[in-house]
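Worksheet: one structure, shown below.
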Amino acid sequence: MAQDSAALSLAYASVGDDGCTAIARYMRENVMLRTLDLRGNNIRADGLVVLAHGLRSGGSNMTSVCFKWNQIGSHPRGVQALCDVLKDNESITHVDLRNNKIGADCGAFLGDMLRHNSTVTHLDLSWNDLGIEGGKAILDGMQANHSLIDCQLSGNRIAEDTLHAIAFILRRNRQTAPMGASTFRQERGMTTQDPTAAGAAAASPSPTSPASPGVSPGRSTTPASPGFGSTDARSVNMNVPSEAAPSPSPKEGPATSNLPAATPAKVQPPVHDEAGSEAVFHRTATLKLLQREQNHSNAEDARFFGEVAEYIDLLQLDVARNKKYRMDAEER
C-alpha cells in the first residue's frame, strides 16, 4: 500500500480482526488518507476497537469510513469505541455502518455521538437491529444535532412515530445545516473555554428577536407535538430573509434621487435576481411547511405536510443539478 494514498479500499479482503492492527498502523502513518472502505471483512467488535484507536491518532484528515457488511455489533464496546472517536472528530462526514448486527444496546452510544458531533452529514445504519429503544436513543441525540442531513434506518424495526420525528429533524437540518453546524461549533468552543460565559450568552435574549423575550437563541419554548421533541427555532422562523425584501419601486426614485426633474422616465428599474428570489421562495415555503408539520392537528396532516416538504427538497435538488449541468455546458 502506498504511504501517500488518499483512499484505502480492502472490500471483501477477509481482513478479520487480526488484520485490523496493520490497517490502524497504516492510518496513523498516512496523513494523506481520506477514505477507508472495509466492507465485507468479517470485522467484529474487537477489530473495530483497534480501528477506532487508529482513527483517533491518524484520522484527522479522513472524510469517509465504510464498515458495512461486517459484525461490529457483536459487542457494544466496538460501537462505543467508534462513537467516542467520532464525538470529537472534525473531518469525517460520511459513516456507513449498515448490516452490522448493531442492537438496541448500541443506540445510546450512537445518540450521544450525534449529540456532540457537528461534522457527520451522512450516516447509514440500515439493516441492523436497533429496535424501538435504539430508535428513541438516536432521536434524543439528534435533537441537538444540526449537521446530519441523511440518516438511513431501514430494516431496524424502529417505531413509525420515531422515524417520522427523525425525518422532521433531517428536513430541518437540510434547511439550516450550514448555519446550524457553525453555530454549534462556536457554542461548543465557548463552553470548553468558559462555561460561565457561554451560559450567560445563552440566557440573554437575542437582539434580533425582540418579539420573543425569554427565548434563548436557536431554541423554541413552544411545546412540541408528541414524538417530535424540541425543535430548532430557526426551523420555524417565518420572517422572510432580508434578501427577499422587495426592491424599492421606481416610483419612489424621484423622492430621493438627484436626477433632474425633466428626466424621471430615464431611471432604470431595479434588477431582480430571479434565481435568488426563487431560492428564497423555496426556503420560506419549506419553513412554513415545517411549522405546519410541527403544529399538526392530527397524524394525517403531519404526514401530508412532511410529504410536500420532501417534494420541495427534490425540486431544489433538481434545480441545483440542472444549474450544474448548464454551467458545465457553458464551460465546454
Side-chain angles (χ1 to χ4, degrees), residues 93-94 114-124 138-153 161-188 206 208-209 211-212 215-225 227-245 273-296 301-324:
T93 59
H94 290 65
L114 291 172
R115 186 178 295 110
H116 292 87
N117 181 275
S118 60
T119 308
V120 174
T121 58
H122 295 73
L123 175 64
D124 196 333
I138 290 176
L139 174 59
D140 289 342
M142 288 184 62
Q143 301 290 351
N145 183 286
H146 297 274
S147 60
L148 190 67
I149 61 175
D150 181 30
C151 183
Q152 300 296 323
L153 294 168
D161 59 340
T162 302
L163 291 174
H164 183 75
I166 291 175
F168 174 85
I169 295 175
L170 292 174
R171 287 195 296 274
R172 177 202 70 183
N173 288 356
R174 281 195 287 270
Q175 295 298 317
T176 62
M179 176 176 60
S182 61
T183 302
F184 180 83
R185 292 191 188 98
Q186 292 174 0
E187 292 177 354
R188 185 175 172 187
S206 173
T208 59
S209 45
S212 305
V215 180
S216 61
R219 184 65 55 189
S220 172
T221 59
T222 305
S225 305
F228 281 83
S230 58
T231 57
D232 193 300
R234 288 186 296 271
S235 65
V236 294
N237 180 13
M238 301 310 297
N239 294 327
V240 180
S242 58
E243 63 266 26
D273 185 356
E274 295 182 1
S277 300
E278 183 178 355
V280 171
F281 171 76
H282 286 161
R283 179 181 177 85
T284 306
T286 306
L287 291 178
K288 289 182 179 180
L289 288 169
L290 288 173
Q291 186 185 41
R292 291 287 184 87
E293 183 182 2
Q294 181 193 15
N295 300 327
H296 70 280
D301 289 346
R303 189 175 297 108
F304 169 76
F305 291 124
E307 291 175 354
V308 175
E310 290 179 356
Y311 181 69
I312 291 180
D313 285 344
L314 292 175
L315 291 178
Q316 289 178 315
L317 290 175
D318 287 340
V319 170
R321 190 180 301 111
N322 291 334
K323 184 181 295 184
K324 182 178 183 300

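Both backbone and side-chain heavy atoms feed into the values below; hydrogens, waters and symmetry mates do not. This chain uses plain numbering: 1 for the first residue, then up along the sequence.
Here the CD1-CZ distance, from Ile138 to Arg115, works out to 11.5 Å after rounding to the nearest 0.5 Å. Going from atom NE2 of His146 over to atom CG of Leu114 covers 12.5 Å, rounded to the nearest 0.5 Å.
At a threshold of 4.5 Å between non-hydrogen side-chain atoms, the residues Leu139 and Ile169 count as touching.
Annotation for Cys151 and Leu170: closest pair N-CD1, 3.8 Å, computed over non-hydrogen atoms. Contact between Arg172 and Met142 at its shortest, heavy atoms only, is NH2-O, 3.8 Å.
Between the side chain of Asn173 and the backbone N or O of Leu148, at least one donor-acceptor pair lies under 3.5 Å. Under the 3.5 Å distance criterion, the side-chain polar atoms of Arg174 are matched with a main-chain donor or acceptor of Ile149. Between the side chain of Ser147 and the backbone N or O of Val120, at least one donor-acceptor pair lies under 3.5 Å.
The side-chain contact (heavy atoms from CB on, under 4.5 Å) test applied to Leu163 returns Leu153, Ile158, not counting sequence neighbours. A search for side chain to side chain donor-acceptor pair (under 3.5 Å) contacts involving Asp150 returns Gln152, not counting sequence neighbours.
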* To do: Please assess Thr93 against His122 for the test side-chain contact (heavy atoms from CB on, under 4.5 Å), listing each intermediate value before the final yes or no.
  => CA-CA 6 Å; Thr93 59; His122 295 73; 5.8 Å; no
